[in-house]
Participant: 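Encoded as structure tokens, here's the structure I'll be asking about.
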Amino acid sequence: MAVKYWLMKTEPTTYSIDDLAREKDQTTCWEGVRNYQARNTLRDDIQEGDRVLFYHSACKEPAVVGTAVVTRGGYPDSHAFDRRSKYYDKKSDPENPTWFMVDIKLDQKFEKPVTLAQLRDRSALKGMVLLQKGSRLSVQGVKKKEFDTIVKMASAT
DNA sequence: GCCAACGTTGGC
DNA sequence: GCCAACGTTGGC
């Protein structure tokens, strides 16, 4: 199966790329996604070895701040079964889970984040889901070309 | 099954 | 903090 490319949003006040960098093995489970479209992507489409753009949203300077690698494809989000978790959902049945998550490992933290404004400036990126009006999907596909363009932008001086 | 009301996201 | 866009809920 070919490697695929994704973008995942997070609010840095909740969980930032520096939090990921501090994790054991720089790996974490991407729990708490509670949107059906994103759930379908996590459950059905994201596989081990896929690449991820790590995006900071709802903050001073929204930006892609680094990349990560998927180390485990979609599996049930156990937080939904944990009454004490803020992601608890009593409607999710452990026998037939509603919500899914993946594991990701930090690949590269960009020295210079690629800001939303910079992304909008690139005509090659015009088709990105992130840049569409009203788009608020927290887990979304990106094209290889888009992924490569953004990584290149991060390393340009 | 429609749709108004409500809650959330997220850029600005 | 504002507000537009979107998703979900629930009455009918």
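Just so we're clear, the structure is a prediction, and the values are computed from it rather than from any experiment. Letters go in sequence order (proteins before strands), and every chain restarts at 1.
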Participant: Looking only at side-chain atoms of Y36(A), point me to the closest of dG11(B), dG7(B), dT8(C).
Facilitator: dT8(C)
Participant: Going by the angle between their ring planes, with limits at 30° and 60°, are H79(A) and Y87(A) parallel, tilted or perpendicular?
Facilitator: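 The rings of H79(A) and Y87(A) stand perpendicular, inter-plane angle above 60°.
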Participant: If the cut-off is 4.0 Å, is K9(A) near the phosphate of dG10(B), judged by side-chain N/O to OP1 or OP2?
Facilitator: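 It does, given that an N or O in the side chain of K9(A) lies less than 4.0 Å from OP1 or OP2 of dG10(B).
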Participant: Figure out the CG/C1' separation between N35(A) and dG7(B), and round it to whole Å.
Facilitator: 14 Å
Participant: Has Y55(A) got a side-chain N or O lying under 4.0 Å from the OP1 or OP2 atom of dG11(B)?
Facilitator: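 Indeed, a polar side-chain atom of Y55(A) lies that close.
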Participant: If you measure from the Lys or Arg side-chain nitrogens to the Asp or Glu carboxylate oxygens, is any gap between R39(A) and D77(A) under 4.0 Å?
Facilitator: no
Participant: Closest to the Q37(A) side chain: dA5(C), dG7(C), dC12(B)?
Facilitator: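 Of all the options, the side chain of Q37(A) is nearest to dG7(C).
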Participant: Round to the nearest Å and state the distance from L7(A) atom CG to dG10(B) atom P.
Facilitator: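 From L7(A) CG to dG10(B) P: 11 Å.
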Participant: Counting only N and O atoms by type, is there a donor-acceptor contact under 3.5 Å from the side chain of D107(A) to the main-chain atoms of T67(A)?
Facilitator: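 Checking the backbone N and O of T67(A) against the side chain of D107(A), no donor-acceptor pair under 3.5 Å is found.
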Participant: In whole angstroms, how far is the P atom of dC3(C) from the CZ atom of R136(A)?
Facilitator: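 From R136(A) CZ to dC3(C) P: 18 Å.
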Participant: If I take atom CD in residue E61(A) and atom C1' in nucleotide dG10(B), what distance separates them, rounded to the nearest angstrom?
Facilitator: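 In whole Å, dG10(B) C1' lies 15 Å from E61(A) CD.
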Participant: Within this structure, what is the OH-to-P distance between Y15(A) and dT9(B), rounded to whole angstrom?
Facilitator: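 After rounding, the reported distance stands at 19 Å.
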Participant: Could you check whether any side-chain N or O of T14(A) sits under 3.5 Å from a backbone N or O of P12(A), counting only pairs where one atom can act as donor and the other as acceptor?
Facilitator: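 Not at all, since once roles are kept as given, no pair shorter than 3.5 Å links the two residues.
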Participant: Rounded to whole angstrom units, what separation is found between the CE atom of M128(A) and the P atom of dG11(B)?
Facilitator: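 Distance check: M128(A) CE to dG11(B) P gives 12 Å.
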Participant: CH2 of W99(A) versus P of dG7(C): gap in Å, rounded?
Facilitator: 13 Å
Participant: To the nearest Å, give me how far apart CG (D89(A)) and P (dT9(C)) are.
Facilitator: 9 Å
